[in-house]
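What follows is a short report on a single structure.
Note that ligands are numbered from 1 as they come in the structure, with each ligand's atoms numbered from 1 the same way.
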Amino acid sequence: MQSSAGLVVVLGTGGTIAGTAPHPQDHTGYLAGALSAADLVAAVPALAGARLQTESVAQMDSCDMDHATWVRLALALEHHLARPDVAGVVVTHGTDTLEETAFFLHHTVWARKPVVLTAAMRPATAPSPDGPQNLVDAVLLAGGEGGAVGVVAVLAGAVHAGVDLRKLHGYRVDAFSSGDAGPLALVQDGVVRCLRPWPASAPAFAAALQTDPADWPAVDIVTSHAGARGATLDALVAAGTKGIVLAGTGNGSVHTSLLAAARRAQKQGVAVCRASRCIAGGVVGAPVGALPSAGDATPAQARVQLLLKLVCGA
Ligand code: ASP
């Protein structure tokens, strides 16, 4: 990779991209986050000569992602983005909660330079790992290729806006989508083909980074389904939850017993909103008297949004 491009900082957080398995053919029995950001970069010959700095913010399986790590990552991003010598920042991450981290960063970090998240579905030890190419594409975008700005993610050659990203598949290499919005760009053989404008950075909840995540309220997701029980939601309220996202059926419809419990929760001051458990489409429209809608957001994104609203008193 050319060395004339700007300096790119690679922040590692773990995930399968940094995972190693005892048997190379093993795509599932591996330890996520085994490699540091420096090891990860050193293992990709195509990055030799690129102007990179690395820092490991965490080395975790992203299924264990937590709010304190989000704030640490966001503050590290702000620090490096403010450096005049830095063109952009890459974040390596697990795929499991990538959409939540991307959504969180989009809403909290001023990203006037590219912030490019990437991940992998196969561990670094696989015969044909997807991480190295994803990392090369991410470094390319973070270096300014294609004019990228804002929080985006690149996986399997497609660039998604962080705010639209969602994981659709638990095993396939091409596991991500932007939902109805569609991808922002494609990266093909080192060339960025833009399909729509880069996302403007206007982090409505930047103030959350000035607070202590240990003080953040509990916000939970409850799925509506055949035989759903209001008692599930009542138990969360009794346990101190301050916000509930209902992952509704279809266009955000909610089982009568859950709906009754949601109304009880609202009377006790708990914030409630409805998303859809469907893979795509979100919730369209807002019938009179319906619970507030999370719109396009997936239940996991809607939880982040509700959490940030409560933290910032919005
Ligand atoms: N469990 C892993 C993680 O999210 C899965 C992956 O990265 O693909 O860290």
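- Evaluation of the salt bridge (Lys or Arg N to Asp or Glu O under 4.0 Å) rule for Arg264 yields Asp234 as partners, not counting sequence neighbours.
- The shortest N or O to N or O distance between Thr95 and ligand 1 is below 3.5 Å.
- Side-chain atoms of Arg193 do not come within 3.5 Å of backbone N or O of Leu186 as any donor-acceptor pair.
- Within the structure, the side chain to side chain donor-acceptor pair (under 3.5 Å) test picks out the following pairs touching residues 68-85 (sequence neighbours left out): Gln53-Arg83, Glu55-His80, Asp66-Thr69, Trp70-Thr101, His80-Arg83, Arg83-Asp85.
- Every atom of ligand 1 is numbered from 1 in the order shown, and the set under 4.0 Å from a heavy atom of Gly94 is 3 (C), 4 (O), 7 (O), 9 (O).
- Between the side chain of Gln301 and the main chain of Thr298, a donor-acceptor pair closer than 3.5 Å is present.
- The backbone of Ala120, and not its side chain, has at least one atom closer than 4.0 Å to an atom of ligand 1 (non-hydrogen atoms only; backbone = N, CA, C, O).
- Judged by distance alone, with hydrogens and angles left aside, the side-chain atoms of Thr211 form a donor-acceptor pair with the main-chain N or O of Ala208 at under 3.5 Å.
- An N or O contact shorter than 3.5 Å is missing between Thr97 and ligand 1 by distance.
- Taking only nitrogen or oxygen atoms, main chain and side chain alike, Thr16 reaches within less than 3.5 Å of ligand 1.
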